[in-house]
Amino acid sequence: MKEPEFQVNESLMLTREEEEILSGKHGEAKAKALEVIIRVAESLDAKRLVRIKHAHISGVSYGTIGEPGLAFIKELSSLGAKVSVPSSLNPIGFDESNPFDQEVLYITQDFYRGQMEILENLKKMGIDLLLTCTPYYTTIFRKYGLRSGDHVAWGESSAVAYANSFLGLRTNREGGPLALMAAIAGRTYYYGMHIRENRVPRVKYVVDLNGLGYNEVTLSLVAEYIASIHEDESPPLLHLDPRNINETTKREIAATLGAAGNIAMIAIPGITKEAEQADIRKTIRIKNNIIIARYKELAQDQGIDPDYYFIGCPHTSEEELEILSKIKSGDKLIVTLSRDVYSRRKDLVQKLVDKGATVLRSTCLIVSNLRSKNIMIATNSYKAYFYLTRKGINVSLIDIKSMIERLGG
Ligand code: F3S
């Protein structure tokens, strides 16, 4: 049994079951996980905890967390930690089907050992090795009966913004370890995006992209701008004709909000339920020329031939595989996707591979090691731009439609 010294702030209401967990009745690991959630709840002045239906755990690449992260996971595992709710994992540091292929990525034996130990220990806890940052493109909704309005604890910022904005799920931006604690405890702190009123937008952004067009790149630059100026605690409302937004655009907007700022949700009329309940107190018009100038700055490869074209940050959807499969030459194309989408659409993957494309599953160019840094990558992902440029790689933005045209599609 757990020692009784753990004190809980009186302003935090715990249920009888939570008291029991804390007492150690459900095991030491679950008690410890709940203690962490409680400390976070207290620091935020949350009044209670909330049960979650799913957790998605990020920060599991050995390249990102290294030996300290592995040691933390091993220690939890040695306490007999098990997840209390269905839980899934973000991408790892290599393509699991071909870890040592060095054409694009590069790992050492030590990296491989560390990554496999991380996976082994997390699997022992009962976590589904989904290995993707787009759990929403997999079968988890059907499998676990997730529905709009459900509380979850997700730790991948792009998936968090997507879940809140486009799926109606409720989650804060959790750090990877905290999402893991929530998975073990089966609950998280009732705060932020879990509370209905906090999801009601109060600031409206209006943008007119005539002259530039609406696609995942231009709208990501809008999202980047919003992330840089949005100060209100409520989610921003982006006033746009929903016909100007497709699936790729939604995903890239969400990823941009996560990379460029700290925003966990955006509301778009006709797409996001909470947009209908908006209580707008301020309207900000985004000047077209700001986005045009930024576009010119980041779409640097005009006239230059990149070494690679990259699609799949966040991981590619089936629909994108469909349109990509129409290209003539894939010699320069790298696609990253989940093992789930891979196995469902092996036919399309094969078409791409036959055309010379490199298709990597369960990883991405950011959480792995690129073999060479002296390269130029053209991608439709602002998030990839954001992180790859920080690794010293030249990156330019290009929307998927233009990319396909260049590749002969
Ligand atoms: Fe996913 Fe890697 Fe981008 S984990 S969101 S593809 S940085």
Side-chain angles (χ1 to χ4, degrees), residues 56-65 69 88-96 104-105 107 115 118-119 122 127 129-138 140 154-167 171 173-176 179 216-217 220 223-224 227 247-264 308-318 320-321 324 333-342 358-370 377-393 395 397 400:
H56 183 73
I57 296 137
S58 60
V60 292
S61 165
Y62 182 74
T64 316
I65 61 175
S88 50
L89 277 194
N90 233 32
I92 55 170
F94 48 76
D95 178 337
E96 50 173 337
V104 179
L105 306 179
I107 59 158
Q115 186 67 77
I118 289 170
L119 289 186
L122 291 170
I127 299 171
L129 304 189
L130 217 51
L131 310 185
T132 184
C133 46
T134 51
Y136 44 86
Y137 289 159
T138 69
I140 59 163
W154 282 14
E156 158 58 48
S157 66
S158 65
V160 166
Y162 190 98
N164 282 314
S165 310
F166 308 126
L167 302 174
T171 175
R173 278 171 57 129
E174 305 297 357
E216 74 275 24
V217 170
S220 287
E224 181 203 36
E247 177 52 34
T248 302
T249 310
K250 286 197 301 188
R251 190 190 65 217
E252 295 303 330
I253 289 175
T256 301
L257 292 172
N262 202 17
I263 296 179
Y308 293 111
Y309 290 94
F310 170 43
I311 292 280
C313 173
H315 275 170
T316 308
S317 66
E318 281 188 56
E320 285 164 334
L321 280 184
L324 283 169
L333 179 65
I334 301 171
V335 178
T336 56
L337 41 59
S338 65
R339 46 161 64 167
D340 190 277
V341 168
Y342 176 94
T358 301
V359 180
L360 302 169
R361 69 188 111 149
S362 309
T363 188
C364 76
L365 303 191
I366 292 93
V367 299
S368 57
N369 287 330
L370 277 162
I377 295 180
T379 179
N380 68 340
S381 165
Y382 174 90
K383 180 168 180 176
Y385 153 79
F386 187 89
Y387 287 107
L388 288 174
T389 50
R390 279 156 181 76
K391 288 186 173 196
I393 291 157
V395 182
L397 290 178
I400 189 169

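For ligands, and for the atoms within them, numbers begin at 1 and follow the listed sequence.
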Review point. Please state which protein non-hydrogen atom is closest to atom 2 (Fe) of ligand 1 and give its distance, to 0.1 Å?
Key: C364 SG, 2.3 Å
Review point. Strictly under 2.8 Å, is any N, O or S atom of C133 next to atom 1 (Fe) of ligand 1?
Key: yes
Practice item. Could you tell me whether the side chain of K250 reaches within less than 4.5 Å of the side chain of Y162, counting heavy atoms only? Key: yes
Point to revise | Minimum side-chain heavy-atom gap F310-I366 below 4.5 Å | key: yes
Review point. Hey, which of T132, N90, T134 is the one that makes side-chain hydrogen bond (donor to acceptor under 3.5 Å, both in side chains) with H315?
Key: T132
Practice item. Run the numbers for me: atoms of ligand 1, each under 4.0 Å from some heavy atom of P91, listed by number. Key: 4 (S)
Check your understanding: Judged by non-hydrogen atoms, does G312 sit under 4.0 Å from ligand 1?
Key -> yes
Review point. Should you measure from each heavy atom of E156, which atoms of ligand 1 turn up under 4.0 Å away?
Key: 5 (S)
Review point. Do E320 and L337 touch side chain to side chain, with heavy atoms closer than 4.5 Å?
Key: no
Exercise for review: May I ask you to test the Y62-I107 pair for a side-chain heavy-atom distance under 4.5 Å?
Suggested key: no
**Study point:** Residue, atom name and distance, where the atom is the protein heavy atom closest to atom 3 (Fe) of ligand 1
**Key:** C313 SG, 2.3 Å
Study note, to complete from the structure: Residue, atom and distance of the protein heavy atom nearest atom 5 (S) of ligand 1 read K383 NZ, 3.4 Å
Review point. Do T138 and V341 have side chains that get closer than 4.5 Å, going by heavy atoms?
Key: no
